[in-house]
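Nothing here was measured: the structure is a model prediction, and the numbers come from that model. Each chain gets a letter, A, B and so on, in the order the sequences are listed, and its residues count up from 1.
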Amino acid sequence: MSESKHLPIYRHKAELIQAVKNSNFLVVTGETGSGKTTQLPQYLYQAGICKDGKIGITQPRRVAAITVAQRVAQEMQCTLGREVGYQVRFDDCTTQDTVVKYMTDGCLLREILADSLLSQYRVVILDEVHERSLSTDILLGLLKKIFSDPAKATSGRSVPLKVVVMSATLDTDKLSAFLGDCPVFAIPGRTFPVTCTFGSAVGPKDIESTNYVKEVVKVALNVHTTEMAGDILVFLTGQSEIEQACDLLYEKAESIDYRYDVYDQTVEGLLILPLYGSMPTDQQRQIFQPAPPRIRKCVVATNIAATSLTINGIKYIVDSGFVKQLNHNSRVGMDILEVVPISKSEAQQRAGRAGRTSAGKCFRIYTKEFWEKKMPEFTVPEIQRTSLTSVVLTLKCLGIHDVIRFPYLDCPEERFILEALKQLYQFDAIDRRGRVTQLGELMVELPLPPGLARAVLKAASLGCQDLLLPVAAMLSVENIFIRPGHPNKQKEADIKHRALATRSGSMNDFATLLTVFQACKSSDRPSGWCKDNWIHWRALKSAFAVETQLQEIVAHLQRKRDFPVETFDGQKNELFRRCLCAGYFTNVARRSVGKAFCTMDGHGSIVQIHPSSSLFDQEAELNWVLFHDVLVTSRVYIRTVCPIQYEWVKDLLPKLHEVDVYELSSVARKEVTDEEVKKWESREAAKRRPEVSTVDVMKKLEKRNNEATVNDARARYLQRKQQKQKGKSLL
DNA sequence: CGAGTGATA
């Protein structure tokens with residue numbers, strides 16, 4: 001208790017409570033360290049607000065929701081799960097008594113789906129809004145739409161909902177304006193100054209043409225030899241870069257003579273630690289341990305160290321200025337993982353990591369000119385970069401028909417929304433008038449991408465969900481197949497993985513996933529089994545948890561009276577693949593020349609089977625395949641592949657070509673009359689040609705080469721690969 | 001002939 005009184009927020013306690021009482025919407029800003037996340041809910045609780053309902057506080061990340069709840073429970077001297085609790089997926093630590101509830105933003109979105117008035121809540125606090133996570137952005141729009149009209153605010157509620165939006169100081173005017181010019185309450189932060197310097201290595205013309213890994217290593221070593229004691233944090237973009245940088249650092253650090261080369265004589269060595277998401281947890285834990293006396297720690301990390309993990313004692317930052325970002329590209333209809341310059345706000349966030357405990361320094365390897373010309377002010381929010389199919393379905397299920405004019409804080413491009421509508425229509429999740437179908441209502445219940453949800457529901461209606469749920473779970477977690485960096489071990493891992501594919505009987509990557517899932521689950525020492533087979537045990541464990549949850553949801557849906565029931569008379573193997581077709585008919589490709597396949601999604605992209613697939617090198621036998629996802633590297637690859645027969649998808653494919661975007665956009669904007677629907681249907685009947693039309697369309701598309709975007713991505717990849725090789729040869 | 005930034009329901 002006494003400690004919390006020293007926080008900057010404490011002086012403003014009374015004003016803050018008053019500000020929440022005075023208006024239904026409030027923006028609170030304050031840097032990390034101001035105490036807003038832990039204190040504000042406690043103040044409101046002490047002010048007696050909870051007699052009318054709960055306080056819900058959202059976080060973009062699970063760990064944050066859990067750890068903050070733990071701390072607040074401690075401060076309020078109550079058992080976690082009583083007055084103070086948390087809820088994240090797979091872990092609900094709340095009871096009847098819980099009035100201060102920390103949760104992930106995605107959890108609250110689910111709750112709105114069940115009760116759009118949030119009648120259990122008195123206050124909802126959206127925290128870390130500046131991070132602009134997809135769920136937080138949707139919540140912002142929903143809360144504005146549902147509660148900003150004073151007449152509606154109380155409809156169905158006894159008292160209006162209080163909405164507090166908390167963000168770092170940037171961008172607060174925009175938030176306030178968005179929420180009807182609501183009041184803004186600023187809390188001073190408590191961080192230490194970080195001085196930033198620019199480098200000379202990366203200029204505005206050098207986006208991809210500089211080996212920044214080498215430069216980052218040079219700067220880090222310079223810090224090590226010329227700066228006072230204090231740990232270093234280096235930001236790079238990915239695992240291979242990090243490994244490369246660590247190798248270089250290790251090499252160079254060995255030749256340092258600590259009698260002459262080092263400015264601070266208390267420093268006698270450098271401890272180099274890589275850090276990225278897929279690293280084993282025990283190795284990750286090492287990062288947090290203080291270095292031995294007189295040794296300087298140097299952590300080389302991905303963006304994971306920018307928000308998710310906080311390392312104490314960091315005094316120096318070396319910033320490469322780049323990040324890997326998944327961007328949705330509607331022109332080719334897929335997501336492409338790209339290396340892009342970070343935004344200025346992200347650069348400040350990175351720099352701030354050096355000022356947590358004392359004053360720090362940040363060394364940017366790029367020039368001031370690069371900062372000014374190539375780095376955007378803010379990161380493009382997720383909602384403008386990702387596939388919106390799930391989001392649009394959620395909105396539709398909440399009765400929001402006009403998804404184009406929904407109050408987005410930042411509007412996604414209209415074509416992204418139309419693309420989502422098109423996909424939902426193709427999946428039969430919405431009808432021609434843009435209304436949610438029975439199937440759509442079922443799909444939204446499953447925490448899965450819509451295609452996968454459709455496949456799972458198909459299986460459930462056929463009574464064979466045991467085949468599909470493990471697969472859906474496996475595809476929901478990170479890649480479970482480990483592929484080590486060293487060539488010898490790589491071979492060993494590949495052999496093990498091939499053996500697993502063969503064991504599944506049929507050559508089908510989805511079946512392999514099922515085999516791995518079942519084999520590991522029935523093993524008496526699963527973690528050892530994973531180790532033997534080069535499988536990610538941590539990832540597989542989370543797949544088990546996902547599968548359990550999916551099973552519960554499906555069982556619940558099946559108990560509904562109108563859940564569809566179908567029968568199928570045939571082999572299990574065919575049944576399995578027919579279920580996949582129900583969800584993946586948008587991802588079907590037909591064999592073209594040689595190893596090439598041509599997708600049938602209307603883009604007609606030329607793709608190849610990825611070498612990790614069990615179907616790689618067997619292309620000659622295949623005519624039609626279905627795939628889970630696409631990867632653009634040196635070529636356009638399809639990953640997780642399964643052979644199918646044309647007959648299984650032939651009735652579904654025409655639907656991929658019948659949708660007219662102009663119709664969709666008018667459907668999205670207004671309710672459509674019966675007359676209009678009839679008009680469209682007759683027009684379509686006239687348009688629709690016999691069965692061969694699909695093949696015709698495809699042949700036409702096949703000629704059109706893959707779009708510039710794909711070529712660009714490929715060119716960039718090749719260039720980067722070349723640099724990496726150059727970097728290696730320098731060793 | 002070859003790949004895995006980071007979150008989340």
Visitor: Just to be sure I understand the geometry, which residues of residues 541-552 of chain A put a non-hydrogen atom under 4.0 Å away from DNA chain B?
Guide: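 By residue number: none to list.
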Visitor: Could you work out which one of B/dT8, B/dA9, B/dT5 sits closest to the side chain of A/R61?
Guide: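 The answer is B/dT8, which lies nearest to the side chain.
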Visitor: Name the nucleic acid region contacted by A/R89, choosing base, sugar-phosphate or nothing; use a 4.0 angstrom heavy-atom cut-off, strictly under.
Guide: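 Result for A/R89 = base.
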Visitor: If you look at every strand shown and take non-hydrogen atoms under 4.0 Å, does A/Q239 touch a base, only sugar-phosphate, or nothing?
Guide: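 Result for A/Q239 = sugar-phosphate.
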Visitor: Heavy atoms under 4.0 Å, any strand shown: does A/L326 hit a base, just sugar-phosphate, or nothing?
Guide: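 Answer is base: heavy atoms of A/L326 come under 4.0 Å of a base.
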Visitor: Does the gap between the ring centers of A/F627 and A/F510 come in under 6.0 Å?
Guide: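 Not under 6.0 Å, so no.
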Visitor: When all nucleic acid strands are considered with a 4.0 Å heavy-atom cut-off, which category describes A/D494: base, sugar-phosphate, or nothing?
Guide: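 A/D494: base contact, heavy atoms under 4.0 Å.
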Visitor: When A/S320 is tested against each of A/R350, A/E215, A/R364 for side-chain contact (heavy atoms from CB on, under 4.5 Å), which residue passes?
Guide: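 Result for side-chain contact (heavy atoms from CB on, under 4.5 Å) with A/S320: A/R350.
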Visitor: Nearest whole angstrom, please: distance from the P of B/dG2 to the CH2 of A/W534.
Guide: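 For the pair A/W534 CH2 and B/dG2 P, the rounded distance is 22 Å.
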Visitor: Classify the nucleic acid contact of A/Y637 as base, sugar-phosphate or nothing, counting any heavy atom under 4.0 Å across all strands shown.
Guide: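 Sugar-phosphate contact only.
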Visitor: Counting heavy atoms from C-beta on, name the nucleotide in B/dT8, B/dA7, B/dC1 closest to the side chain of A/P611.
Guide: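 The answer is B/dC1, which lies nearest to the side chain.
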Visitor: Does OP1 or OP2 of B/dA9 have a side-chain N or O of A/T104 closer than 4.0 Å?
Guide: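 Affirmative; the distance criterion is met.
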Visitor: Can you confirm if the aromatic rings of A/F416 and A/H328 lie within a centre distance of less than 6.0 Å?
Guide: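 So the answer is yes for these two rings.
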Visitor: Here's one to test your reading of the geometry: is the NZ or CZ of A/K101 within 45 degrees of the ring axis of A/Y121 and under 6.0 Å from its centre?
Guide: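 Judged by the rule (NZ or CZ under 6.0 Å from the ring centre, within 45° of its axis), A/K101 is not positioned above A/Y121.
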Visitor: Indicate, with a heavy-atom threshold strictly under 4.0 Å, whether A/S135 touches base, sugar-phosphate, or nothing.
Guide: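 Here A/S135 touches no strand at all.
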Visitor: Rounded to whole angstroms, how far apart are CZ on A/F235 and C1' on B/dG6?
Guide: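 Interatomic distance, CZ of A/F235 to C1' of B/dG6: 12 Å.
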Visitor: Could you state the CZ-C1' distance from A/R498 to B/dC1, rounded to the nearest angstrom?
Guide: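 Result: 10 Å.
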Visitor: Looking at the side chain of A/F616, which of B/dT5, B/dC1, B/dG2 is the nearest nucleotide?
Guide: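 Among the listed nucleotides, the one closest to the side chain of A/F616 is B/dC1.
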Visitor: Could you tell me the separation between the NE2 atom of A/H497 and the C1' atom of B/dG2, rounded to a whole number of Å?
Guide: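 To the nearest whole Å, that distance equals 14 Å.
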Visitor: Considering every strand and a 4.0 Å limit on heavy-atom distances, what is the contact class for A/L448: base, sugar-phosphate, or nothing?
Guide: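 Here A/L448 touches the bases of the nucleic acid.
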Visitor: Using whole Å, what does the distance between atom C1' of nucleotide B/dT5 and atom CD of A/Q349 come to?
Guide: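 Spelled out: CD on A/Q349 to C1' on B/dT5 is 15 Å.
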Visitor: Which is it for A/E241 and A/Y212 under the side-chain hydrogen bond (donor to acceptor under 3.5 Å, both in side chains) test, yes or no, and what are the steps along the way?
Guide: CA-CA 10 Å; A/E241 261 175 32; A/Y212 55 78; 2.8 Å; yes
Visitor: Judged by atom type as modelled, is there a donor-acceptor pair below 3.5 Å linking the side chain of A/N488 to the main-chain atoms of A/E492?
Guide: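 No.
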Visitor: Round to a whole Å and report the spacing from CZ of A/R483 to P of B/dG4.
Guide: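 Spelled out: CZ on A/R483 to P on B/dG4 is 12 Å.
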Visitor: B/dT8 phosphate, OP1 or OP2: any side-chain N/O from A/S133 under 4.0 angstrom?
Guide: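 For B/dT8, OP1/OP2 do not have a side-chain N/O of A/S133 under 4.0 Å.
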Visitor: B/dG4: syn or anti, with syn meaning chi within 90° of zero?
Guide: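 In terms of base orientation relative to the sugar, B/dG4 is syn.
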Visitor: Can you give the donor-acceptor pairs under 3.5 Å from side chains of residues 547-555 of chain A to other protein atoms, not counting sequence neighbours?
Guide:
from   : atom 1 : to     : atom 2 : distance (Å)
A/E547 : OE2    : A/Q551 : NE2    : 3.2
A/T548 : OG1    : A/F544 : O      : 2.9
A/Q549 : OE1    : A/R89  : NE     : 2.7
A/Q549 : OE1    : A/R89  : NH2    : 2.8

Visitor: Which is more 5' along DNA chain B, the nucleotide nearest A/G277 or the one nearest A/P449? Just name the residue.
Guide: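 Closest to the 5' end, via its nearest nucleotide, is A/G277.
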Visitor: Nearest whole Å is fine: how far is B/dA7 C1' from A/L139 CG?
Guide: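 It is 15 Å, rounded to the nearest whole Å.
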Visitor: Any N or O donor-acceptor pair linking the side chain of A/N479 to the base of B/dG4 at under 3.5 Å?
Guide: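 A donor-acceptor contact between them is present.
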Visitor: Would you list the pairs meeting salt bridge (charged side-chain N to carboxylate O under 4.0 Å, His left out) in which at least one residue belongs to residues 442-458 of chain A, sequence neighbours left out?
Guide: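 Qualifying pairs, neighbours excluded: A/D428-A/R454, A/K458-A/E566.
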Visitor: Could you tell me the separation between the CG atom of A/L452 and the P atom of B/dT8, rounded to a whole number of Å?
Guide: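 Spelled out: CG on A/L452 to P on B/dT8 is 19 Å.
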